[in-house]
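To start, the structure itself, in structure tokens.
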Amino acid sequence: LAPEFADSPPLMPSGGTPLGNAMRDFESWYDDWVWGAADPDHGDPFFGCRSVNLLLLVDGDETAFDGEPGDPGPDGDGDSNPCTIAERLFEVSGIRTYVIGFGVQSLPESFLTCIVEAGGTGFEDGGPGLLLPQSSAELSETLSLVVAEIEARQAKAVPNNCGWTP
């Protein structure tokens, strides 16, 4: 990414992007956490009224999974494939996964595209699809777009028995 100020060095991605591992860690944490949050006596009384979303802000495509987006994992269950994890989060837990590839160039056959499609935020699900801002101003606009999308979905989905407006 080009620097916005003449005396600033450009932002350069480095290292790996283990999205599947990070998503699997989130899924494990969420599965442990959700029971306490949903507890009617000690948790959030409005938990069932809120949507849960995962936002991935990345600088590149998956690098740790040794396979293609549609492949199962080495053990056959896709446990390190971020596409499989996004699909499981969406279909089992109702968690939508948004992906922002900051400074990432278009990747039509990528894990990032597969994650949004499997995670309920692709165009066919009425979501914004893979978002690829190229500057800090575009990133700010993109984050605002994601928040607006989540708020709009939440406003449509609030059950009548929630007693509050999101």
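Position 1 is the first residue of the sequence, and the numbers go up from there. Quick caveat, the model's predicted, so the values are computed rather than measured. Side-chain atoms are counted along with the backbone in the values below, which use heavy atoms only and exclude waters and symmetry mates.
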Could you state the interatomic distance from CG (Leu139) to OG (Ser144), rounded to the nearest 0.5 Å? 9.5 Å
Before giving the answer on side-chain contact (heavy atoms from CB on, under 4.5 Å), spell out for Ser110 and Thr113 the whole-Å C-alpha distance, their side-chain angles and the decisive distance to 0.1 Å. CA-CA 5 Å; Ser110 68; Thr113 301; 3.2 Å; yes
Could you give the distance from CE (Met23) to OG (Ser28), rounded to the nearest 0.5 Å? 13.5 Å
Among side-chain atoms of Asp61 and Thr63, is any donor-acceptor pair under 3.5 angstrom? no
Ignoring hydrogens and geometry, is there a side-chain-to-backbone donor-acceptor pair from Gln154 to Cys49 under 3.5 Å? yes
Calculate, to the nearest 0.5 Å, the distance between atoms CG and CG belonging to Leu56 and Leu112 respectively. 8.5 Å
Applying side-chain contact (heavy atoms from CB on, under 4.5 Å) to Val34 and Phe47, what does each step give before you reach the verdict? CA-CA 9 Å; Val34 69; Phe47 181 77; 3.4 Å; yes
I need the full list of side-chain hydrogen bond (donor to acceptor under 3.5 Å, both in side chains) pairs touching residues 30-47, with sequence neighbours left out, sorted by first then second residue. Asp44-Arg50
Heavy-atom count around Glu124 CD within 6.0 Å, excluding the residue itself: above 12? yes
Approximate separation, where rounding is to 0.5 Å, of Lys156 NZ and Ser51 OG: 12.5 Å
With a 3.5 Å cut-off and sequence neighbours excluded, list the donor-acceptor pairs that the side chains of residues 89-107 form with protein atoms.
from	atom 1	to	atom 2	distance (Å)
Arg96	NH1	Gly120	O	2.6
Tyr98	OH	Glu149	OE2	3.1
Gln105	NE2	Gln134	OE1	3.1

With respect to Val116, which candidate in Asp125, Leu131, Thr121 satisfies the side chain to side chain contact (heavy atoms under 4.5 Å, CB included) definition? Thr121
Could you go through Leu132 and Glu138, starting from their C-alpha distance and side-chain angles, then the distance that decides it, and tell me whether this counts as side-chain contact (heavy atoms from CB on, under 4.5 Å)? CA-CA 9 Å; Leu132 302 173; Glu138 288 179 9; over 6 Å; no
Measure the OG-CG distance between Ser80 and Leu19 for me, rounded to the nearest 0.5 Å. 11.5 Å
If hydrophobic clusters are built by linking Ile, Leu, Val, Met, Phe, Trp and Tyr wherever their side-chain heavy atoms come under 4.5 Å apart, do Ile85 and Val52 end up in the same one? yes
Leu55 vs Leu143, side-chain contact (heavy atoms from CB on, under 4.5 Å): CA-CA, chis, key distance, verdict: CA-CA 10 Å; Leu55 172 62; Leu143 289 167; 3.9 Å; yes
For residues Thr17 and Glu62, is any side-chain donor paired with an opposing acceptor at under 3.5 Å? no
